[in-house]
Amino acid sequence: MMTGNPESKENAPVAAPSDFIRDIVAGHLAEKKYPQIHTRFPPEPNGYLHIGHAKSICLNFGIAREFGGICNLRMDDTNPTKEEVEYVDSIIADVKWLIGGWADQQLGFKSGGKSLEPFYASDYFDQIYEYAVALINKGKAYICDLTPEQTDEYRGAPDHPGKDSPFRNRRISENLDLFARMKAGEFPHGARTLRAKIDMSSPNVWLRDPILYRIRHAEHHHTGNKWCIYPMYDFAHCISDYIEGITHSICTLEFEVHRPLYDWILGNLELPRPLPHQYEFARLSLGYTVMSKRKLLQLVTEKIVTGWDDPRMPTISGLRRRGVTPEALRHFAYNIGITKYNGLTDVAVLEHAIREDLNKRALRRLAVLRPIKVVITNFPEGKIEELEAVNNPEDPNAGKRKIPFTRELYIEQDDFMEVPPPKYFRLRPGGEVRLKYAYIIKCDEVVKNASGEITELRCTADLDSKTGGATSARKVKGTIHWVSATQAVDAEVRLYDRLFTVEDPDAKGEFKEFLNKNSLEVVKAKCEPSLKDAAPETRYQFERIGYFTLDKETTPEKTVINRTISLKDAWAKEVKKV
Ligand code: ATP
Ligand code: MG
């Protein structure tokens, strides 16, 4: 029941956002500074992408899309010990899922956007090595034999200058020789480094002769055992940008202090212009979750969640599995905007984007999460009455379906109270309620077992009161959902909630102390029979409950359904009744 191209309804362009980076890009185009805008999204394949990355993807690919440019997906893979092919594959899949609908443009993947081969910084190792040699030849880089501890000590601190390394004034020929021997594998792990010769008393510690290359005898996921020296992020990044012809290299604010180094390296290599330029924006921090890959990895390895794509994770794969659509994530990314100020984004903003999106597309269904049996004593045994219901009142093209009504039904335990409080408009002994799309029923008798638990409610239906029927004018205050007990299909429904109980688990010390122990509840639900044919990727609204989607663990024998989000925000402070 997949509804064709998921983008089809969404083709009306979302108003392109405007922000300081887009203003800069528009200005550069107006003054013809570059023939074409070229951005990149450069994840390190050391974990799965999260919703913070989604913000960066929507910004970088969004700018390329809006300004007729190109955006490269580049694996920033210069650290062999933390990177894996599994992460590379997941990144490609997640980027494709998030912006695959933007197929109308050159996405900057290799082969004209048709293949999903990304770029790899490690493909430039030969060139990056040659640029390092060029810096040595210019007297701008030297081989240093200080240990990592000594290097830290010599660097000083922001409030006091560093000290020159005793190896700073090595001759160029000696530096060239040592660098070649580092590459040849003559020295052990960490024995020597290549450092830029800048200024050990610079107020910016990143300019105090930063390390450009280090020795790592480690196999690399992409280059295998070819290298035992690896460039540092700061050296590889600007050169990769240059090699790819990037015009606007957009990153998060922590890198603002690295920008002088970015410019120093490219400037001192005296490369043909134009050079790429770095711009910084505020990273996304989202309430009630953590975002650093290191912490997300901890949740996975310590089995606090079931994997990177656990539907409670803020990863793109987790949100996808939970039932969030790419359009909802893109709207969210556009709505929060791009600024220069770090702050915590209210998770309600994300949840609002998800609800708004799902309300438009979700097929309405009836399902009872915590069933209690109802017997309609004046409805014949064995009779199945097919009632009609629209699939989505928000979408006239979504069609209609039949729902069977029978003598035995289930309703939600919550929708009956033996001794209800005032203003309780659902079912009570002697009271009436409307069953959605069906009849008004009255509760005549509450049947209990020996231990006093309610086992069934015996009711009579007003058979003249059918919804949409000729004699349906009679009104009652409450309407509840239900399913036929004999026709229902069983499903395991996983009810997810926020992973943490506090808005900023990072701010208060050990983030794992604030895990929400009730972030997953599993119920055995009864669903209307049309859900037998539930399709992956289709979104459903269980009426009065929330939005749901099929989980990948569904088998022919067992249906597993994830709650994407409840209809209303259970965490919001109770709205004052007027
Ligand atoms: P983390 O701190 O979560 O480990 P990272 O910055 O090390 O993330 P990278 O793989 O290097 O992760 O990130 C790739 C790109 O995504 C970078 O350009 C980075 O600036 C951007 N990015 C990472 N986290 C966020 C975030 N929370 N909000 C916006 N952009 C982000
Ligand atoms: Mg990083």
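Side-chain contact check for His331 and Asp357: no donor-acceptor pair (N or O, by modelled atom type) lies under 3.5 Å. Residues Glu83 and Asn46 bring no donor and acceptor atom of their side chains to less than 3.5 Å of each other. Between the side chains of Arg312 and Ser519, a donor-acceptor pair is found at a separation under 3.5 Å. Between Thr549 and Asn562, the side chains place no donor N or O within less than 3.5 Å of an acceptor N or O (distance only, hydrogens not considered).
The two residues Pro314 and Val290 come nearest to each other via the heavy atoms CG-O, 3.3 Å. Pairing each heavy atom of Leu550 with each of Pro536, the nearest pair is CD2-N, 3.9 Å. Pairing each heavy atom of Leu49 with each of His53, the nearest pair is CA-ND1, 3.5 Å. Listed here is the closest heavy atom pair of Ile229 and Ile215: CG2-CG1, 4.1 Å. Taking every heavy atom of both residues into account, Ala141 and Leu194 meet most closely at CB-CD1, 4.0 Å. Closest non-hydrogen pair, Gly323 versus Leu358, comes out as O-CD2, 4.0 Å.
For an aromatic pair to be called close, the ring centres must be under 6.0 Å apart, and Tyr233 with Phe255 satisfies this. You'll find the ring centres of Phe332 and His352 outside the 6.0 Å limit. Aromatic pair Phe235/Tyr131: centroids not less than 6.0 angstrom apart. Side-chain rings of His258 and His237 stay apart, their centers remaining 6.0 Å or farther from each other. Residues Tyr129 and Phe179 bring their aromatic ring centres within 6.0 Å.
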May I have the step-by-step check of salt bridge (Lys or Arg N to Asp or Glu O under 4.0 Å) for Glu44 and Lys293, ending in yes or no? CA-CA 10 Å; Glu44 180 176 3; Lys293 280 189 270 190; 5.5 Å; no

Given Asp19 and Asp23, is the side-chain contact (heavy atoms from CB on, under 4.5 Å) satisfied, shown in steps? CA-CA 6 Å; Asp19 50 62; Asp23 289 347; over 6 Å; no

Verify side-chain contact (heavy atoms from CB on, under 4.5 Å) between Val560 and Lys552, making sure each step is shown before the conclusion. CA-CA 8 Å; Val560 182; Lys552 66 173 189 183; over 6 Å; no

Evaluate the criterion side-chain contact (heavy atoms from CB on, under 4.5 Å) for residue pair Met291 and Leu286; output intermediate values, then yes/no. CA-CA 8 Å; Met291 205 81 90; Leu286 190 63; 3.8 Å; yes

Asp145 vs Arg170, salt bridge (Lys or Arg N to Asp or Glu O under 4.0 Å): CA-CA, chis, key distance, verdict: CA-CA 11 Å; Asp145 301 356; Arg170 272 184 162 142; 2.6 Å; yes

Under the side-chain hydrogen bond (donor to acceptor under 3.5 Å, both in side chains) criterion, do Asp199 and Ser201 qualify, and how do the steps go? CA-CA 5 Å; Asp199 178 4; Ser201 58; 2.9 Å; yes

Taking it one step at a time, do Asp94 and Arg320 satisfy salt bridge (Lys or Arg N to Asp or Glu O under 4.0 Å)? CA-CA 9 Å; Asp94 288 350; Arg320 171 171 66 221; 3.0 Å; yes

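Salt-bridge formation is detected for the pair Arg494/Asp551: a Lys NZ or Arg NE/NH1/NH2 atom is positioned less than 4.0 Å from an Asp or Glu carboxylate oxygen. Salt-bridge check for Lys226 with Asp126: passed, with a basic side-chain N closer than 4.0 Å to an acidic carboxylate O. Between Glu553 and Arg321 there is a salt bridge, with a side-chain nitrogen of the basic residue lying less than 4.0 Å from a carboxylate oxygen of the acidic one. Ion pairing between Arg155 and Asp209 fails under the 4.0 Å rule for side-chain N and carboxylate O.
Annotation: the span from Leu73 atom CG to Ile57 atom CD1 amounts to 8.0 Å, rounded to 0.5 Å. Taking CG of Asn516 as the start and OH of Tyr496 as the end, the distance is 13.5 Å to the nearest 0.5 Å. Between the CZ atom in Arg74 and the CZ atom in Arg40 there is a gap of 6.0 Å [rounded to 0.5 Å]. Going from atom CD1 of Ile143 over to atom CG of Asn175 covers 5.5 Å, rounded to the nearest 0.5 Å. One distance of note links OH of Tyr262 with CG of Leu275; it measures 8.5 Å at 0.5 Å rounding. Atom CG of Asn204 and atom CD of Glu256 lie 10.5 Å apart (nearest 0.5 Å).
For Arg22 and Tyr334, the positive end sits near the middle of the six-membered ring, less than 6.0 Å away and at most 45° from its axis. For the pair Arg498 and Tyr288, the cation-pi test (distance below 6.0 Å, angle within 45°) is passed. For the pair Arg195 and Tyr142, the cation does not sit on the ring face, since its NZ or CZ is not both under 6.0 Å from the ring centre and inside 45° of the axis. The side-chain tip of Lys295 points at the ring of Phe511 from less than 6.0 angstrom away and within 45° of straight on.
Distance alone, capped at 3.5 Å, is enough to place a donor-acceptor pair between the His220 side chain and the Asp77 backbone. A donor-acceptor contact shorter than 3.5 Å links the side chain of Asp310 to the backbone of Thr306. No donor-acceptor distance shorter than 3.5 angstrom exists from the side chain of Asn60 to the backbone of Cys71, with no hydrogens or angles considered. Judged by distance alone, the side chain of Arg283 and the main-chain N or O of Phe281 form no donor-acceptor pair under 3.5 Å. Using modelled atom types, no side-chain atom of Thr252 and backbone atom of Glu254 make a donor-acceptor pair closer than 3.5 Å. Between the Thr315 side chain and the Trp308 main chain, a donor and an acceptor come within less than 3.5 Å of each other. At distances below 3.5 Å, at least one donor-acceptor pair connects side-chain atoms of Thr147 with backbone N or O atoms of Gln150. Checking side-chain atoms of Ser202 against main-chain N and O of Leu207 turns up no donor-acceptor pair under 3.5 Å. Panel note: side chain Ser249, backbone Gln278; no donor-acceptor pair is recorded below 3.5 Å. In this structure a side-chain-to-backbone donor-acceptor pair under 3.5 Å is missing from Gln36 to Ile70.
Looking only at side-chain heavy atoms (C-beta outward), Cys58 and Leu98 come within less than 4.5 Å of each other. For the pair Arg214 and Arg216, the minimum side-chain heavy-atom distance is below 4.5 Å. Contact annotation: the side chain of Met200 never approaches that of Lys163 to less than 4.5 Å [non-hydrogen atoms, C-beta and beyond]. Counting heavy atoms from C-beta outward, Asp76 and Pro43 have side chains that stay 4.5 Å or more apart. Looking at heavy atoms from C-beta onward, Tyr547 lies out of side-chain contact with Arg563 at the 4.5 angstrom threshold. You'll find the side chain of Tyr48 stays beyond 4.5 Å of the side chain of Ile91, heavy atoms only. Taking 4.5 Å as the limit, some side-chain heavy atom of Phe167 sits within range of a side-chain heavy atom of Leu146. Counting heavy atoms from C-beta outward, Ile336 and Leu284 have side chains that approach closer than 4.5 Å.
Taking the six-membered ring where tryptophan is involved, the planes of Tyr230 and Phe125 are perpendicular, since the angle between them exceeds 60° and thus also 30°. Taking the six-membered ring where the residue is Trp, His221 and Tyr120 present tilted rings, their angle falling between 30° and 60°.
With a 6.0 Å radius and a threshold of 12 heavy atoms from other residues, nucleotides or ligands, Trp206 has its CH2 atom at or below the threshold.
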